Amino acid sequence: MPGETMDSFYVTTPIYYVNGLPHIGHSYTTIAADVLSRHKRKLGWDVFFLTGTDEHGQKVVRAAQEKNMTPQEFVDGIIPRFREAWKKLEISYDDFIRTTEPRHIRAVQNFLQELQDKGELSLGEYEGLYCVPCEVFWTDKQAESGLCPDCRRPVERIKETNYFFKLSRHQEWLISHIAKHPDFIQPESRRNEVLAFLKENTLTDLCISRPKTRLSWGIPLPFSPAHVTYVWFDALINYIAALGYPGEKERFEKFWPSSLHLIGKDILRQHAVIWPIMLHAVGMEPPKRIYAHGWWQVGQEKMSKSRGNVVDPLALIDEFGIDIYRYFLLRDVPFGLDGVFSRASLIQRFNGDLANDLGNLVFRTLTMAEKYFDGRVPALQKERLKSPLASEILLKLDKLPALVDAGLERLDFIAALEGIWSVIGNCNKYVEETKPWNLKKEGRQEDLEDFLAVLITAIRCVAGELEPFMPQTAQKILSQIKDDHVVKGDPLFPRIEEE
RNA sequence: CGCGGGGUGGAGCAGCCUGGUAGCUCGCAAGGCUCAUAACCUUGAGGUCGUCCGUUCAAAUCGGACCCCCGCAACCA
């Protein structure tokens, strides 16, 4: 539509590298993106939520070899596991891109050709210590002893001809871009980190190709069929490939200006340095915002595929439910910081926040609706209210959407949830203060109606705000409160008794 | 002198940028209530805010020195 001004929102997760199964870290970023997407959609924004998989490169080849499969067979076998995991977690992505898809390959090749045409690439020699059996390059420091850190066999110094991208040419531009856009890299500590890095170092030329003779599992360079594209270079382009680059200008222009890349802090350099420079080099705008979140640790150790201590989200979901998992990840630890995962803290959140506060409030309220009004829901008559606390609750409800929105805008999921829980707390207090059982005995029907009307109103509103975070729970609550009557169900979150 | 993060009641954290009665969640203790999932509500105990020095009328908060803890090959969110 010409002159369209509709608010659009583009959010991405990294495309996950598929040499292993989905773990808590993948689900963390993905759930965060899902919450933001659901929230924006609710407000009427046009949302495009992208996730996907990164399928090329040496690691995938090796993982496939270990299973006696071709790389294609291997990735085709893993991708459904990701899709299933996201389905189970109620992830509402709009698109799932695979780097082995034709649309992505076309985008990458087009992008490379543009760079080549603009004279941004040059042919050069790559030299390094190479372990032939492992097919891996090591830096001098890594292979100090002259042995491969992995297999302990001797490495050899080899040279190969590759294409290089001169990042340093755009370094000054990037520094000033970051300086001019305080929100470009978040949180602030990460922004400072990148800025300091850029000011203190000259970026080295990025080797963007691999000889096909050494690695064939990749996207061929359009101008040199003897080379395939370096996997990171290939991967980053997914963000624009999914928007229809290079063909669909309209879609691209609609979503790209509002782009938000959610990433883990480990891949900050690629997203905050290489990616913006790649785009700038071909004359495209950098992403609007990059947010690097923290890591989950297990006990004192960091979680990693190689240590084998990864937390399996699906097992946790089966045991505790989807919504507590989604809630826990976003509520327990500030998004930008590292956190420690433990069953105990998850159970504590479950029992404390979900069972005692929220679940119990809903349950006791519906019980009273049944007991005092045969399940009928009295209408709210604001002008009749006498209790200051009731007024406070209604006031908070008015402000709640804006509060949640502001929190999510900053990716401060905790602030948003605390805002919601503050209302829940007030409601529980309101019950104690009002002592409806006394009103009943005294036959003060009108007061009792007002009381219940306030609670029901609050619960409806809370459920609405909760929807992006806990879609199932929100749905369950709303299905128990019809327009004029309630249909009480089982407790939403039966307490978990352990030990 | 490598870099970064951190040291606040029993546990986990906020507050520090923009100095001025130390706050939150959990746990613990006592009380209340009965609509409710031994849930809910109230109150309380518990901290010289890592150490020392300095700036100031006043410092968890600013400056300096020091001590201790965590992470820092690659892969990873």
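Throughout, protein chains are lettered first and strands after them, A, B, ... in sequence-line order, and every chain is numbered starting at 1. What you are looking at is a predicted structure, and each value in this text was computed from that prediction instead of being measured.
- Taking the six-membered ring where the residue is Trp, the centroids of A/Y28 and A/F335 are separated by under 6.0 Å.
- Of the C1' atoms belonging to B/G9 and B/U48, the separation is 12 Å, rounded to the nearest Å.
- Remark: the A/T100 side chain and the A/E55 side chain contain an N/O donor-acceptor pair separated by less than 3.5 Å.
- In terms of modelled atom types and a separation under 3.5 Å, the side chain of A/E465 and the main chain of A/V404 share no donor-acceptor contact.
- The side chain of A/F363 lies closest to B/U37 when the candidates are B/U37, B/C75, B/C35.
- Between A/S27 and A/Y325, the side chains place a donor N or O and an acceptor N or O closer than 3.5 Å (distance only, hydrogens not considered).
- Each of A/R349 and A/F493 lies near RNA chain B, and the nucleotide nearest A/R349 is the one positioned closer to the 5' end.
- For A/Y17, taking side-chain heavy atoms from C-beta onward, the closest of the listed nucleotides B/U37, B/A14, B/C76 is B/C76.
- Ring centers of A/H261 and A/Y291: at least 6.0 Å apart, outside the cut-off.
- Considering only side-chain atoms of A/N360, the nucleotide from B/C35, B/C26, B/U37 that sits closest is B/U37.
- Residue A/L337 places its side chain closer to B/A14 than to any other of B/U37, B/C35, B/A14.
- A donor-acceptor pair shorter than 3.5 Å cannot be found between the side chains of A/W296 and A/D338.
- Between A/L361 atom CG and B/C40 atom P the separation is 11 Å, expressed in whole Å.
- Across all strands shown, A/P436 has no heavy atoms under 4.0 Å from either base or sugar-phosphate atoms.
- Distance check on atom C1': B/G10 versus B/G47 gives 11 Å, rounded to whole Å.
- Rounded to a whole Å, the CZ atom of A/R331 is 17 Å from the P atom of B/G12.
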- [ ] Mark up nucleotides 1-9 of chain B, 5' to 3', with B wherever a protein heavy atom is under 4.0 angstrom from a base atom, S wherever such an atom reaches only the sugar-phosphate, and - elsewhere.
- [x] ---------

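- Among the protein residues, A/D353 comes within range of no part of the nucleic acid, since none of its heavy atoms lies under 4.0 Å from any strand.
- Across all strands shown, B/C26 forms a Watson-Crick or G-U wobble pair, both distances under 3.5 Å, with B/G10.
- Side chains of A/R191 and A/Q186: no donor on one and acceptor on the other come within 3.5 Å.
- If you take CD of A/Q348 and C1' of B/U25, they are 8 Å apart, rounded to a whole angstrom.
- Comparing the P positions of B/C41 and B/U25 gives an interatomic distance of 10 Å, to the nearest angstrom.
- Summarising the geometry, the separation between CD1 on A/I15 and P on B/C75 is reported as 15 Å, rounded to the nearest angstrom.
- Around the CG atom of A/D94, the shell of radius 6.0 Å holds more than 12 heavy atoms that belong to other residues, nucleotides or ligands.
- Nucleotides B/G27 and B/A45 have their C1' atoms positioned 13 Å apart, rounded to a whole Å.
- Side-chain contact check for A/D234 and A/T99: no donor-acceptor pair (N or O, by modelled atom type) lies under 3.5 Å.
- The partner of B/G2 is B/C72, by the rule that a Watson-Crick or G-U pair needs both atom distances under 3.5 Å.
- At the phosphate of B/U34, OP1 or OP2 sits under 4.0 Å from a side-chain N or O atom of A/W437.
- Judged purely by distance below 3.5 Å, without hydrogens or angles, the side chains of A/Y93 and A/D34 never pair a donor atom with an acceptor atom.
- Atom-to-atom, CD1 of A/I267 to C1' of B/A74 comes out at 15 Å; the value is rounded to the nearest Å.
- Following rounding to the nearest Å, A/D447 (CG) and B/C35 (P) show an atom-to-atom distance of 18 Å.
- Spacing between atom CG of A/L358 and atom P of B/U25 amounts to 17 Å, rounded to whole angstrom units.
- Remark: the A/N356 side chain and the B/A39 base include no donor-acceptor N/O pair separated by less than 3.5 Å.
- Nucleotides B/G23 and B/A60 are separated by 14 Å at their P atoms, to the nearest Å.
- Taking the C1' atom of each, B/C68 and B/U8 are spaced 16 Å apart, rounded to whole Å.
- Under the Watson-Crick and G-U wobble criteria, each requiring two contacts below 3.5 Å, nucleotide B/A65 is paired to B/U51.
- With P as the reference atom, B/U56 and B/A22 are 24 Å apart, rounded to whole Å.
- The residue among A/K441 and A/L492 whose nearest nucleotide of RNA chain B lies closer to the 5′ end is A/K441.
- The listed nucleotides are B/C75, B/A36, B/C76; the one nearest the side chain of A/W295 is B/C76.
- Residue contacts shown for A/G352 are absent, as no nucleic acid heavy atom lies under 4.0 Å away.
- Using a 3.5 Å distance cut-off with no hydrogens or angles, the side chains of A/N238 and A/H104 do not pair a donor with an acceptor.
- Within a 6.0 Å radius of NZ in A/K488, other residues, nucleotides and ligands contribute more than 12 heavy atoms.
- Taking atom P on both nucleotides, B/C62 is separated from B/G19 by 9 Å, rounded to a whole Å.
- Remark: A/N428, A/K429, A/V431 in residues 420-431 of chain A come within less than 4.0 Å of RNA chain B through at least one heavy atom.
- In this structure, CG of A/D332 is placed 17 Å from P of B/A11, rounded to the nearest angstrom.
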